[in-house]
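One-based numbering along the sequence shown. Only this structure's heavy atoms are used, side chains among them; waters, hydrogens and symmetry mates stay out.
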Amino acid sequence: MRMTTAEIREAFLEYFRTQNHEVVESSSLVPHNDPTLLFTNAGMNQFKDVFLGAEQRNYSRATTSQRCVRAGGKHNDLENVGYTARHHTFFEMLGNFSFGDYFKRDAIKFAWTFLTEELKLPKEKLCVTIYDSDDEAYEIWLNEVGVPADAIIRIGDNKGAPYASDNFWQMGDTGPCGPCTEIFYDHGEHIWGGRPGTPEEDGDRFIEIWNIVFMQYNRQADGTMEPLPKPSVDTGMGLERIAAIMQGVHSNYEIDLFQALIKQAGLLLAVDDLENNSLKVIADHIRSCAFLIADGVMPSNEGRGYVLRRIIRRAVRHGHKLGARQPFFHRLAPKLAELMGAAYDELNTQMPVISKVLKTEEEQFLRTVDRGLALLEEVLENLEGDTIPGAKVFELYDTYGFPADLTGDIARERDVKIDQEGFDAAMAEQRKRAQQASKFGMDYNEVLRIDSDTEFSGYTLSEQAAKVVAIYREGDSVQQLQEGEEGQVILDTTPFYAESGGQVGDTGELLMSDGAFTVTDTRKAGNAVVHIGYVSGGEIHVGEELTAAIDSHRRQAIKLNHTATHLLHAALRKVLGEHVTQKGSLVNAQGLRFDFSHFEGVDIKTLRTVEKMVNDQIRANSEVATRLMNIDEAKTAGAMALFGEKYDDEVRVVNMGEFSTELCGGTHVERTGDIGFFKIVSEGGIAAGVRRIEAITGQVAIDAMHQLGEQLEGLATMVKSDTTNLAERVRTLVERSRWLEKEVDRLNAKLTAQAGASLADNATDINGTKVIVANLEGAEPKSLRDTLDQLKNKLGSGIVVLATAKDDKVSLIAGVTKDLTAKVKSGELVNMVAQQVGGKGGGRPDMAQAGGTDVAALPAALASVNDWLAQRL
C-alpha cells in the first residue's frame, strides 16, 4: 500500500486519537526552558517535565508528529547528510506517550497493530529487539503478539558498563530511564547487512523504524536504579524512514517529499542529474533552515545561530559546486511551504521572514567566498613549497568562513596540496573546544518536584490569607525555617505572580503572627508557585496560616509595562508589517524590553510613529478585557501567542479594544489610560534579523522627560543659548569645530611635507640603495602616507620607513620602490619594526602599515632598520 508522507503522518495521529490519545502540536525546535538541549531532537522533549513529575497535564496519553533537528552538540552528523540513505539535519518523529497510564503490553500492541493492520506491513518483514533481561517484553512479543522466537533478539550491555546498551534508554546521567524494544524492517536480501546483534548489523538491510522506551526507573547519581512510582512510555518512529518503506524505496531521499524538493532545486540550478548528492544536501538543509528560522533562530556566530549559519552555508556551498553564482537557496523555501505548510502553518505565516533571512545570509556568504578567494590567492603567492599548511586552511575556514573543500579544489588546480592532517588536527581541537563550551547538562534529580498545586488569585487580589503547604531549604523538604534562613515556601493560594512570559516574579512579604518571610522572587515549579526568600523575623512552619501580601507599588509599575508591551507589539505589526513577531521580552518595574523579528534598523521617524500610535491607544483609555477560551477558539479569534509561553487547552485572552488581542497569563492594568505615558528610549539589533526596543511608562517615563529637560537647560547654558535656539547654536559650533580641524590638518601636512623635504636630502646609502628612516615627532598618523609617497617620488629608487607616536600609540609605514621589491618587501620590513614596539601590520610589497603600543621602544626599533636592510641589499 503506497502512501504519501502527509498521509502517513495523518494516519498515525488519527490512529492514536482513536486510542484516546491527545493529539499535541509539535513544539518549537528551540526547547522551552530546557538548558540540557541545543535543539529539540526527540518527541519526548516537550514532555520532559511531565516524565520528571515537575509538570502535570490534563491528559495521560499523547501523540505527536514532532519536528526535530540534529545538527549540533552530541547529535551531529552534518557531514554525512546527503551522502547516506538516512542522515538528516531535520526530521519528523512520530510518537505516542503514556504518563503513568498504559505500559509495556499496550505500547507494544499499539505499535504492532498500527504497522501490520493500519499500514499493512508484512509481519515476516519485521523483527524486534529487547533489552537482554526484559523477560516481560519478551513474553508479550512471543505469546500475546505472536512474533516468532527467532525474530525476537535480546541485546545486552555491550558498551562496557551496566545498562550501557542500545536497548536501555536514559534521559541523562541521572533521572528517568529504562529498557526499550525496537522494531526493525527488512529491506531485502539484495541489500547488504544483518539483523541487529550480528557483525553485519551496520548494513542497510535491517532498518530500525520504531523505538518503544519503558521508563520504569529513576537513576541516582551513585548508579542506583529506583523504581518509578508511575512507569511511563515514550516512543518514536521516524516519518521519513516509514515513508521510504511505504513507498517501496530504500533511501529516504527517494520519498515523495524529498523528490519534490530535489526536482525544484534541480530546476533552480539547471541541473538534470537528480541523483547528484549536492541536490540531496540542499533538499535536506532547506527543511532545517526554514523551520529553525520559523521558530525564531537567526544566523549568528554562536550557539544555535551558529549551527543555522553552518547549515545555510553548507547548502550554498553545494549550490556553488553546481554552478550557482547568485542567491538561489531562499527560492526553494516556498516549495517547502507548499509541501509541508498544511501540517506546519508557521511555514506559511513566517515565509517572508524565512525568505529574507536566507537571502541575506546567502548574499553575505557569497561575498565571503569572493573575499576568501582573494585571501587564498595571497597565500598561494607567498607559498614556500607545494603544500598549504593545515593551520592556514583552517584559518581560512574558521576565521573567514571559506570552505576547506573549496581550498582543496583550487589547490589541485594549481598543482598544490593541502596539509589535510594539520587541518584535521585543528578541526578536532575546535570540536573539543565547542563541546566544552556547550555542555548542556544537569542532574535531573536536583529538579525541585512539587506535588502541590497553588491557586493564583493575583488577578484580583494583592493580599490574602493563605496556608503553608510545603517548605524547601536547599532543595530538601523541611518543616520550618528559622530567622535568617533562606528557602522556598509553597502556599495553597497566593496573589504572587510567578515569573513567566517575560514578566518578572512578584516580591513582597508572607506575614505570620510573630514574624515575616520576605519574598525576593516568585517562580513556578509544575503547578505550584514557589515563594523564594528568607525569614526576616520569627519562624515559618508547614501548616501555618498567614497573610500573603505583594509589593503593590512594584506590581502596578510592572502592569503598566506589561500592557504597554502588548500595545507596542500591535503597533509594530501595523507600522512595519505582519512579519513582525515577538522573539523575547522582559517586563519589570523599571521598564520593558521587546525583541522582534525585522531585518533593518527602525529609523527615528518610524519609531516616533510607533510611539505615537501606542500613546494614542493610551489616551483612548480602552478597557483591558480578559476572558478564558479554548486554545483553538482563541487562535480563530486572532489571538497572538507570545514567545516563550506554554499554553494549556484553556487559555487567557487579553483584549485592548480592537487594537490588540493576545494570549497572555500575565497581569495587566484595567484600562489602557492607566499607563499614562509611553516613551521609547532605544532601538537596536541584537542578532541577524532581530531588533530590540526598550521603553518606559508611567511615572518612570515622566521622570525621564523631566531629566532630559534639565539636561537641555544645562547644555543651553554651556553654549550660551536657550533651549529654543539650542539646535542652531550647536550646529554653528560644530561647523566651526570642523573648519578648525581641517585647518589644523592642513598646517600639520605642510609641516610634515617640509620635514620630509629635508629628509630626502639626507638619505642614507646602504649598498647603493637610498634609505630614509625617520620618526616624525608631532606628525598626524594619517599624514604619513602622503609624506611616504612624496619621499619615494623624490628618491626615484629607495626604501622609506616613517613613524610617529601619539596618545601612547605608534604608527608605522614602510615603502619600497617597485624596482627593489624583489629584494625587500614592505610588509616584512614594517612587521620587523612593529614587533619591537608591541604591534603588527601588513600590506602590499611596495607599501605597508603597522601599529604598536610601546612608544619607549620606538627609537631602538627604528635604529635596527639599517642593519636589517644591509643583510638583504
Side-chain angles (χ1 to χ4, degrees), residues 33 35 49 52-55 174-175 220-222 441-459 461-559 561 586-591 666-667 700:
N33 290 337
D49 285 346
L52 288 169
E55 180 186 349
T174 61
Q220 304 299 309
D222 63 1
M442 62 186 291
D443 183 343
Y444 290 98
N445 290 305
E446 290 182 359
V447 175
L448 191 63
R449 286 185 285 274
I450 299 170
D451 294 330
S452 308
D453 291 355
T454 304
E455 180 184 353
F456 176 64
S457 62
Y459 293 131
L461 299 176
S462 60
E463 180 177 314
Q464 73 165 116
K467 181 180 179 180
V468 178
V469 297
I471 298 175
Y472 294 87
R473 182 179 59 219
E474 296 181 353
D476 296 325
S477 177
V478 296
Q479 290 300 303
Q480 64 183 35
L481 292 175
Q482 308 288 335
E483 183 171 348
E485 287 187 324
E486 298 179 352
Q488 299 93 28
V489 176
I490 315 299
L491 305 177
D492 60 345
T493 183
T494 183
F496 283 77
Y497 181 82
E499 179 180 323
S500 181
Q503 178 176 334
V504 298
D506 277 331
T507 61
E509 288 189 309
L510 307 181
L511 302 170
M512 294 86 74
S513 58
D514 61 346
F517 180 88
T518 298
V519 180
T520 58
D521 195 7
T522 310
R523 301 287 181 91
K524 286 182 178 178
N527 294 322
V529 173
V530 182
H531 305 79
I532 303 167
Y534 61 93
V535 180
S536 48
E539 300 177 353
I540 188 169
H541 300 264
V542 172
E544 187 168 0
E545 304 281 348
L546 48 72
T547 299
I550 66 172
D551 182 338
S552 298
H553 180 75
R554 179 176 179 271
R555 161 74 80 80
Q556 181 62 17
I558 294 170
K559 288 163 66 174
N561 289 320
L586 174 65
V587 178
N588 57 28
Q590 290 72 46
T667 60
V700 174

Exercise: identify the closest heavy-atom pair between R554 and A589: CG-CB, 3.9 Å
From S552 atom OG to K559 atom NZ, the distance as rounded to the nearest 0.5 Å: 8.5 Å
Q503 side chain to T667 backbone, donor-acceptor under 3.5 Å: yes
Any V504 side-chain heavy atom under 4.5 Å of Q590 side chain: no
Taking every non-hydrogen atom, the tightest pair across E499 and R523: OE1-NE, 3.2 Å
Nearest non-hydrogen partners of R473 and V478, listed with the distance: NH2-CG1, 3.7 Å
Interatomic distance, E485 atom CD to Y534 atom OH [nearest 0.5 angstrom]: 14.0 Å
Side-chain donor or acceptor of T454 paired with backbone N/O of T493 under 3.5 Å: no
Pairwise distance CD(Q488) to CG(L481) - rounded to 0.5 angstrom: 8.5 Å
Cationic N near anionic O, under 4.0 Å, D506 to R555: yes
Aromatic ring proximity, centroids under 6.0 angstrom, F496 and H531: yes
Side-chain donor/acceptor of S500 to backbone N/O of G666, under 3.5 Å: no
Separation of T494 OG1 from Q464 CD (nearest 0.5 Å): 6.5 Å
Closest non-hydrogen atom pair, A525 against V530: CB-CG2, 3.7 Å
Side-chain heavy-atom pair Y497, T522 within 4.5 angstrom cut-off: no
Heavy-atom side-chain proximity of Y472 to I490 below 4.5 angstrom: yes
Among T518, I540, L510, the one residue meeting side-chain contact (heavy atoms from CB on, under 4.5 Å) with V535: I540
Partners meeting side-chain hydrogen bond (donor to acceptor under 3.5 Å, both in side chains) with E463 (sequence neighbours left out): none
For the student: nearest non-hydrogen atoms of Q480 and H541, plus distance: OE1-CE1, 2.7 Å
Main-chain N/O of V587 paired to N561 side chain as donor or acceptor, under 3.5 Å: no
Trace of the side-chain contact (heavy atoms from CB on, under 4.5 Å) decision for L491 with L546: CA-CA 9 Å; L491 305 177; L546 48 72; 4.1 Å; yes
S536 side-chain N/O to A516 backbone N/O, donor-acceptor pair under 3.5 Å: yes
Point-to-point distance, once rounded to the nearest 0.5 Å, from CE of M512 to OG1 of T547: 11.0 Å
Minimal non-hydrogen separation, A498 against K524, with atom names: CB-CG, 3.5 Å
Point-to-point distance, once rounded to the nearest 0.5 Å, from CG of D521 to OG1 of T507: 8.5 Å
